[in-house]
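Quick notes on the structure that follows.
Keep in mind that this is a model prediction, so the values were computed, not measured. Both counts, for ligands and for their atoms, begin at 1 and track the order of listing.
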Amino acid sequence: MSDRSYKFETEAVRTQLERSQFSEHSTPLYLTSSFVFDDAEDMRASFAEEKSKNLYSRFSNPNTSEFVEKICKMEGAEAGYAFATGMAAVYNTLAALLSAGDHIVSASSVFGSTHSLFKKYLPKWNIETSYFKVNEPETIESFIQPNTKILYAETPTNPAIDILDLELLGNIAKKHDLILVIDNCFATPYIQNPIKYGADLVVHSATKLIDGQGRVLGGVAVGRADLIREIYLFSRNTGPAMSPFNAWVLSKSLETLSVRIEKHCENALKVAQFLEGHPAVSSVKYPFLPSHPQYKTAMKQMKLGGNIVAFEIKGGIETGRAFLNKIKMCSLSANLGDTRTIVTHPASTTHSKLSEDERLAVSITDGLVRTSIGLEHVDDIIYDINQALS
Ligand SMILES: *Cc1c(COP(=O)(O)O)cnc(C)c1O
């Protein structure tokens with residue numbers, strides 16, 4: 001062991017399980033549902049948690065532990081638990097910590113399925129959610145009630161790429177004794193660490209940039225040890241655990257996270273700069289463009305601008321659809337954070353069930369295009385977008 005703490009990139013590469021008897025260099029895959037005990041006393045002590053030993057892979061597994069330990073180091077978190085999907089992480093975090101009658105204050109712009117949880121499912125247990133608009137953070141405190149327990153947000157937001165001030169959210173949560181939960185999926189731990197600004201818990205869909213290659217689903221929640229303990233005890237009974245195989249894939253993915261994100265962001269900034277000068281485009285949203293409405297906040301809390309570029313095509317819904325039809329190389333896909341560049345038109349696809357007023361309330365205009373910029377050569381990405389715009 002080193003006599004000093006390693007930097008982010010080194011932890012991502014060097015955090016590793018103890019080697020087995022085979023002296024492997026790369027962590028092996030532990031495809032086992034359960035573990036064995038030496039004798040009755042070993043088994044008793046392990047179940048009593050007097051020993052830290054794997055019992056059953058719904059509770060823990062060496063591969064998921066390695067993945068979680070890496071994410072904890074990257075986010076500056078005390079503890080964590082890995083889930084089969086990002087939504088399992090969001091749902092089990094909320095369900096473990098909330099009781100009937102509790103209340104959530106959330107940013108209005110959250111991931112679609114998270115929105116459905118707030119609107120359709122949590123009310124079954126009398127848990128209601130109030131929403132503040134992302135461009136009106138000064139109103140947040142007016143939504144807090146005596147039964148409010150959780151303050152919830154994502155930044156950058158999907159799909160409009162607004163930025164919420166993490167320091168402000170952290171201060172409000174502290175003042176009102178709320179649990180601040182941040183979905184850090186769009187930024188990744190390489191770009192921003194919400195715990196530094198007062199977040200109690202950070203959740204991720206590892207399906208996106210953490211895998212980064214469109215292969216596996218995964219999710220993780222990390223943060224305060226006392227809260228993670230509650231989430232762990234709940235989840236070991238409800239059963240949303242990440243599979244060892246996915247954990248093994250995702251732990252390997254983390255080794256290349258920093259270099260992938262650097263390149264994603266370099267490409268995304270170039271695409272954003274190109275679009276800003278394009279006559280068919282009325283506006284571009286990218287956190288590291290000075291024209292972004294929350295540019296200062298982005299510069300304060302983000303190391304890079306991320307890989308998502310949103311822009312507005314002149315002309316509305318039909319022009320947006322025509323743009324998608326003309327795309328040749330980039331993929332039309334619901335995923336994001338892949339090596340392959342993906343373009344989507346939220347108004348005619350993911351958010352088509354909302355009324356125009358509902359869409360506008362979360363900044364989804366008819367001509368909004370969301371791009372997840374990949375790792376192809378940037379000249380080819382720009383060439384494809386340009387030919388589809390003309
Ligand atoms: C995709 C996504 C999720 C859900 O993750 P899954 O792995 O698809 O379940 C949650 N939050 C954000 C911001 C996402 O982009």
Return yes when atom CZ of Arg236 has more than 12 non-hydrogen atoms of other residues, nucleotides or ligands closer than 6.0 Å, and no otherwise. yes
Under the 3.5 angstrom rule, does the side chain of Ser109 hit a backbone N or O of Asn158 as a donor-acceptor pair? yes
What atoms in ligand 1 come closer than 4.0 Å to a heavy atom of Gly218? 7 (O)
Pair Asp200 + Arg224, salt bridge at N-O below 4.0 Å: yes
Would one find an N or O of Thr114, backbone or side chain, under 3.5 Å from an N or O of ligand 1? no
For atom 1 (C) of ligand 1, the protein heavy atom that lies nearest, with its residue and separation: Lys208 NZ, 1.3 Å
State if Gly337 counts as touching ligand 1 under the rule of any non-hydrogen atom under 4.0 Å. no
Can you name the atoms of ligand 1, numbered from 1 with element, that are less than 4.0 Å from a heavy atom of Gly86? 5 (O), 6 (P), 7 (O), 9 (O)
In the protein, what heavy atom is nearest to atom 9 (O) of ligand 1, and what distance, to one decimal place, separates them? Met87 N, 2.9 Å
In terms of the angle between their ring planes, are His115 and Tyr131 parallel, tilted or perpendicular, with boundaries placed at 30° and 60°? tilted
Students often mix this up, so state it plainly: with edges at 30° and 60°, are the rings of Phe274 and His278 parallel, tilted or perpendicular? perpendicular
For ligand 1, is Asp183 a contact, meaning one of its heavy atoms is under 4.0 Å away? yes
Got the closest protein heavy atom to atom 4 (C) of ligand 1, with its distance? Phe111 CE2, 3.4 Å
Got a donor-acceptor contact below 3.5 angstrom from the His204 side chain to the Ala206 backbone? no
Has ligand 1 got any nitrogen or oxygen that is less than 3.5 angstrom from a nitrogen or oxygen of Ser205? yes
Of all heavy-atom pairs linking Lys70 and Leu254, the shortest is CB-CD1, 3.7 Å
Provide, to 0.1 Å, the distance between atom 7 (O) of ligand 1 and the closest protein heavy atom, together with that atom's residue and name. Thr207 OG1, 2.6 Å
Geometry only, no angles: is Leu336 polar-contacting ligand 1 at N/O separations under 3.5 Å? no
Polar side-chain atom of Thr64 near backbone of Asn61 as donor-acceptor pair, under 3.5 Å: yes
